[in-house]
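Quick notes on the structure that follows.
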Amino acid sequence: MTSPNSAGTPDVLQGLNPAQKEAVETIDGPLLIIAGPGSGKTRVITHRIAYLVRDCRVNPRRIMAVTFTNKAAREMRNRMDRLVGPRGESLTMGTFHSFCARMLRMDGGYLGLPTNYTIYDGDDQLSTIKQAMELAELDPKRNPPQAVRSVISKAKSLLQDSQAVSKFASSYFEEVCGRVYHHYEEILARNNALDFDDLLMKAVLLLQDSEEVREDYQRRYQYLMVDEFQDTNVAQYKLAQLLAGGHRNICVVGDPDQSIYSWRSADIRNILSFQRDYPDAKTVSLEQNYRSTGVILEAAKSLISANGMRLDKDLFTENSQGAPLVVHEAYDVEDEASFVVNEVDRLVRQERFQPGDCAVMYRVNAQSRAMEEACLHRGMKYRLVGGVRFYQRREVKDLMAYLRLLHNPMDEVSLARVIGVPPRGVGAKSMQDLVAWAQRQEIPLFTAMQRIAESKKGAPPETVEQAPLSSRAATAIARFADMIDGLIKQSEQLHIVDLINLALEETGFRTFIQNSDDRPDERWENILELRNTAREFNAEAPRDGLASMLERLALVADVDGYEETEEAMTLITLHQAKGLEFPVVFMVGMEEGLLPHSRSMESEEEIEEERRLCYVGVTRAQQRVYLLRAFRRGFFGASGPTKASRFLQEIPAHLFAKPLTAQGPATHRRPSIDDYESPDPLSPRMPTPVKNQPPATVRPTLKTGDYVRHTTFGEGVVMECVATGADHEVTVEFSNGVGVKKLLLSYAPLERVEG
DNA sequence: TCCTCATAACTTTTT
DNA sequence: GTTATGAGGA
């Protein structure tokens, strides 16, 4: 196809390789783009949109691009600005979740959904599930709410309702989940709330049920693009299909080798389904890597080739070979961290890297602590992505809960959260009585509070049952209800920032924070920061600003706030690093049990996902890769020897540098491959795991029937001892009435005694 | 009702 | 070493 608009403006096809060009020019009908790491995927997407707008004269309003994070959307929008100018503003760009949230706010009425619904995050979800379990009279000890949540979430992502879960339950636990799910839905409906999965599920429902709405969206969006398609779940794919239902101009971009979210119900099989659902789909593979050196790409390729279930790709690069990989075995975590900081320091002083060029990637957030400490100690600036998240901080969540309550007074999770912040004489007991009373009368909790307030003002509540509360509690509740009512009235008049200011005063929250002995300044700063974010919504009409702000804040991820800087190195989890690139990457904790993680070693599928995670890490790097491991790692208190990650063995030895200590004198230029001696196997300090050797544990493995002594539980007999990843879970029956306990061998203060 | 202190259980990744 | 929960005292 030739460009219909060949005159003027620089060609959007310029500088693209043949595969990229083909992807950009294929605009009609279904298209699958398989994009290897560093293959210019974002470039292809943005140029494709620019091609549609500039060359094919498609109104940008009719194009939707869905990305994985808000940050990716923002970045894409910036690039679009450069390519198509201000017209790009009318493009629809965002995450599935944000798109659905907006759609439901506009058209959710068809499903009986009010516009002022609240979005529940994982924590809210969990407390609602606990509530639902209470209702179903289930023991949270036997049925961990976390596990129930994940089952419910998985079901929703497969578009299954509670009936389906109950019907197809294949175990007692799943049956329990079905029951909880049912109650959970009732509570959500009563609270006028949706969880993350609901946003997708209800949106699908809406498009399926209402022909009018469906056709409306199908007409509007003539071209649809989905990025990171390998990480979409069934609901998201369904949604995309519905949106593309009319014109079938659906383009999905992804890389099965970078699928790392199956635990969040992402389904790589969507790629296969796509080819099945759209047999006429064209497939384009982007295989040339522009990001990494030859060495890095080769390492990544050999690593990923160990995966069985895979579409083989032929990645290549024209970049130079570059420096070999560096493996370093540190003694412990501190040593590992200080090696990284030293090395960054050296790279900055002796080569022309900036600290901002460097990223440290790890499997679990807990690993960031050691790195942070080393950085603080050495005065190295760093940026921590994620970690203790801003929006997870208590005071931030408290203020958010107040705002959510003003937005939607039916939201009982928020209500329960703020009633005691600051303490105002309404404790657990009163709340329990109040909830029971409200339930008996079948009125919302907040309405019950309002009734109490009214009866205090003299309205004789003869027709209603008297609330079973102490007069003290009743007074406190009445005052609270009046205060919230007053704020809700004000929310009609005030712009968001003024509303926040008023709420901070009226609720007593400001004084509470500022007079508390727990870091009052820091916590107040956080409140101010939140208020600062609110300014962005201050231009909107009073109630709308509140709604938009809450919607946005419910759907932000922490990577979203990530901005590059020159002088600070980045600390980030492997998951969050997806889609980013850095000149230098340090991967720490290359150990069995961490990468692959001990909780993901049960099946080959899980191992393969861990391997993909490792692959994602390595392929983030442009020039240098360091693979680190600690010989000893502490899990909390106790520390034990570790075993090198199997992934280290899957990278060909000739790609590694000699151990650092054996390297020549420091140079003042960027070293080239010639500075290193000929290929050398792994460092001698890197123990090669011997096959069939049991994982190293601190103590010998116990077996059934062994007698043991525990520092606190006393003596007992081993009932069972099963391997869980790198560790062992021991079930011990203790005497002296202590009973049966399950303990983890690596840290339980347990010793064997002769029976 | 609220706060303090002790202890138990636990650390995967997140829209 | 943390965070969630519970008992007991003010």
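Here is how names work: the chains are called A, B, and so on, in the same order as the sequence lines, proteins then strands, and each is numbered from 1.
Legend: salt bridge (Lys or Arg N to Asp or Glu O under 4.0 Å) pairs involving residues 572-581 of chain A, not counting sequence neighbours, sorted by first then second residue: A:E228-A:K578, A:D231-A:K578, A:R291-A:E581.
When the P atom of B:dT13 is taken as reference, atom CD1 of A:I572 falls 13 Å away, rounded to whole Å. Protein atom CE of A:M103 is 21 Å distant from nucleotide atom P of B:dT15, rounded to whole Å. One can place CD of A:Q146 at 16 Å from P of B:dA9, the figure rounded to the nearest angstrom. When rounded to the nearest whole Å, the span between CE of A:M201 and C1' of B:dT15 equals 17 Å.
Counting only heavy atoms from C-beta on, A:A366 has its side chain closest to B:dT11 among B:dT11, B:dT12, B:dT15.
A:N270 is linked by a side-chain hydrogen bond (donor to acceptor under 3.5 Å, both in side chains) to A:T232, counting only residues two or more places apart in sequence or in another chain. Under the rule for a salt bridge (charged side-chain N to carboxylate O under 4.0 Å, His left out), the partners of A:R417 that lie at least two apart in sequence or sit in another chain are A:D398. Residues satisfying the side-chain hydrogen bond (donor to acceptor under 3.5 Å, both in side chains) criterion with A:K397, sequence neighbours excluded, are A:D121, A:D123. A search for ring-ring contact (aromatic ring centres under 6.0 Å, His included) contacts involving A:F647 returns nothing, not counting sequence neighbours. Here A:E606 pairs with nothing under the side-chain hydrogen bond (donor to acceptor under 3.5 Å, both in side chains) rule; sequence neighbours left out. Partners of A:T619 by side-chain hydrogen bond (donor to acceptor under 3.5 Å, both in side chains), not counting sequence neighbours: none found.
Salt bridge status for A:K156 with A:D198: present, with a side-chain N to carboxylate O gap under 4.0 Å.
At the phosphate of B:dT12, OP1 or OP2 sits under 4.0 Å from a side-chain N or O atom of A:R599. For A:Q576, a side-chain nitrogen or oxygen approaches OP1 or OP2 of B:dT14 to under 4.0 Å.
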Short heteroatom pairs, N/O only, protein and nucleotides 1-3 of chain B, under 3.5 Å:
from: B:dT1; atom 1: OP2; to: A:S430; atom 2: OG; distance (Å): 2.1
from: B:dC2; atom 1: OP1; to: A:G425; atom 2: N; distance (Å): 2.8

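The aromatic ring of A:Y261 is not stacked on the base of B:dT14, since the criterion of ring centres less than 5.5 Å apart with planes inclined by under 30° is not met.
Residues of residues 124-134 of chain A having a heavy atom closer than 4.0 Å to DNA chain B: none are found.
Among the protein residues, A:S98 comes within range of no part of the nucleic acid, since none of its heavy atoms lies under 4.0 Å from any strand. Looking at heavy-atom distances under 4.0 Å, A:H597 makes contact with sugar-phosphate atoms alone, never a base.
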